[in-house]
Protein chains: 2
Amino acid sequence: MLQDEKVKSPHECEECPIRHRAVCARCETDELERLEEIKYYRNFEAGQTVIWSGDKMDFVGSVVSGIATLTQTMEDGRTQMVGLLLPSDFVGRPGREGSAYDVVATTDVVMCCFRKKPFEQLMERTPHIAQRLLEMTLDELDAAREWMLVLGRKNAREKIASLLSIIARRDATLNLRPTEGALVFDLPLTREAMADYLGLTLETVSRQISALKRDGVIHLEGKRHVTVPDFSRLMEEAGDDSDGGMFA
Amino acid sequence: MLQDEKVKSPHECEECPIRHRAVCARCETDELERLEEIKYYRNFEAGQTVIWSGDKMDFVGSVVSGIATLTQTMEDGRTQMVGLLLPSDFVGRPGREGSAYDVVATTDVVMCCFRKKPFEQLMERTPHIAQRLLEMTLDELDAAREWMLVLGRKNAREKIASLLSIIARRDATLNLRPTEGALVFDLPLTREAMADYLGLTLETVSRQISALKRDGVIHLEGKRHVTVPDFSRLMEEAGDDSDGGMFA
DNA sequence: CGCAGTTTTGAGGAACTTCAAGTATAGTGG
DNA sequence: CCACTATACTTGAAGTTCCTCAAAACTGCG
């Protein structure tokens, strides 16, 4: 395993793909320099666990590339995904020792990390970091609440449509493609991971995806490559109002 | 209706019951004075709507006493509660125009409010406020994720037990009573509100409460007054590990 | 007392899960 | 290059949970 080696600054912050979306987004050049001094990169392979729930977490960081998940597990094994971490998303919580969740890389992941103590100290001196972190946390809270509606009140078909529309939208904004007309993207999650996100079984996920395909809402090439011919149709299936709220 | 009148400082911040838990918790005396200058109180009656989803929100504030709920509603009327606001909880989001949710007072509520603009300006000059708000938002995010597990993976009985244990715990910490042995509290929610919280129907809520009563997990006097003879038993029923995570 | 709102209880049905095969796809080693 | 295996996915049938619809009981209040 080529795992988890610390790499010192493979690139400059100024050229970083998440420079203007991550926790450092509001930083001025001088603030960025101080961050740069304490940052390091870590690589995780697909399937690798970044941190286990309850483990001591001595770092925080941002996803630079790849996708990771946040999950909770009950004693009897039932698991619920509670967060989907895309590039620029923040991992860890200042002012807390352990991780409250399992964090798992679902694709190969590069993370920009800071040891927690130095980061916390820097945060106290740098309001721009704290401000941005607050903003990002509020966005995540909104997303979590949106997801509570999905989990609590939508049926299986609507849940799948909701997940697809979120992935499609985030993929589109990440790649700066328009969010209208036909959309094409790859599912970054297995059927099981989708089930864990949606509070369903993987069989139900499979059946509903088949049904959406049968009804022409989506097309599939292979198991993961999805084409959405009409995004507003997908939104309807998700039970959302036609316009759709914005996602950061 | 004795509604919604603005009251100027009926009491001093130093004597405020939420002085050390609300967004002002970290403020020094001088910072508190500046907050005090711009604060005002608002009263809401049980059942009254504080703000509608989508409406412009020109204030933020803290619940001083009483209980309010945050809910989302789909076009066809399905509703999901996404937050339960107890004393010291914060309402509103700096840097956003409209409210994303309906906020409704379920009991009589007193709120300590600030007009948004002055509050935002003060926040920029007062790191203690921003720090505390970040801390509270992170706590809320944890609570939301905990709730996602409840909504996605627990059955009806476990959902009810989870809700009861949360209310019992928060009531106990609020009133500084020990969280062990027998607990007594009043349900601040109707069956319908509980259903909206848990993603169930009110009939299922009623049936499961009856079942928990039949099995001796809880005792009821009237419809709302609950006694929990053995809290660890309730936690078991909720499907949580025996110790139980801490809630702020 | 009688009405309105809340809650309980019952019967039947729909949605989703569980259990069980069966199919595809990619990687591995002969 | 191809059988062999592991993993991911699909599909079917039966079972369970929860919802829907309906009616009745309880509570507080004019």
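Only heavy atoms go into these numbers, but all of them, side chains included; no hydrogens, no water, no symmetry mates. Sequence lines set the chain letters: A, B, ... in the order given, protein chains first and strands last, and positions in each chain run from 1.
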Derivation of the salt bridge (charged side-chain N to carboxylate O under 4.0 Å, His left out) call for B:Arg93 and A:Asp139: CA-CA 10 Å; B:Arg93 169 168 176 168; A:Asp139 284 342; 3.0 Å; yes

Residue pair B:Arg145, B:Glu140: steps toward the salt bridge (charged side-chain N to carboxylate O under 4.0 Å, His left out) verdict: CA-CA 9 Å; B:Arg145 286 171 166 165; B:Glu140 272 191 273; over 6 Å; no

Full working for side-chain hydrogen bond (donor to acceptor under 3.5 Å, both in side chains) between B:Ser53 and B:Asp102: CA-CA 5 Å; B:Ser53 169; B:Asp102 295 330; 4.6 Å; no

Base-contact (B) and sugar-phosphate-only (S) positions in nucleotides 4-21 of chain D, heavy-atom cut-off under 4.0 Å, - elsewhere: -----SBBBB----SSBB

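Between the B:Arg153 side chain and the A:Leu200 main chain, a donor and an acceptor come within less than 3.5 Å of each other.
Remark: A:Ile167 CD1 to A:Leu187 CG distance equals 5.5 Å, nearest 0.5 Å. Between the CG atom in B:Asn43 and the CE atom in B:Met111 there is a gap of 11.0 Å [rounded to 0.5 Å].
For DNA chain C, the outermost nucleotides in 5' to 3' order that have an atom under 4.0 Å from a heavy atom of chain B are C:dT7 to C:dA11.
For A:Ser162 and A:Ser165, the side-chain atoms include no donor-acceptor pair closer than 3.5 Å. Using modelled atom types and a 3.5 Å distance limit, the side chains of A:Ser99 and A:Asp55 yield no donor-acceptor pair.
Remark: B:Arg170 fails to qualify as a cation-pi partner of B:Phe185 under the 6.0 Å distance and 45° angle criteria applied to the six-membered ring.
Enclosure of atom CD in A:Glu203 by more than 12 non-hydrogen atoms of other residues, nucleotides or ligands within 6.0 angstrom is indicated.
The bend of the helix from C:dC1-D:dG30 to C:dG30-D:dC1, defined by the angle between the axes of its first five and last five pairs, stands at 30° to the nearest 10°.
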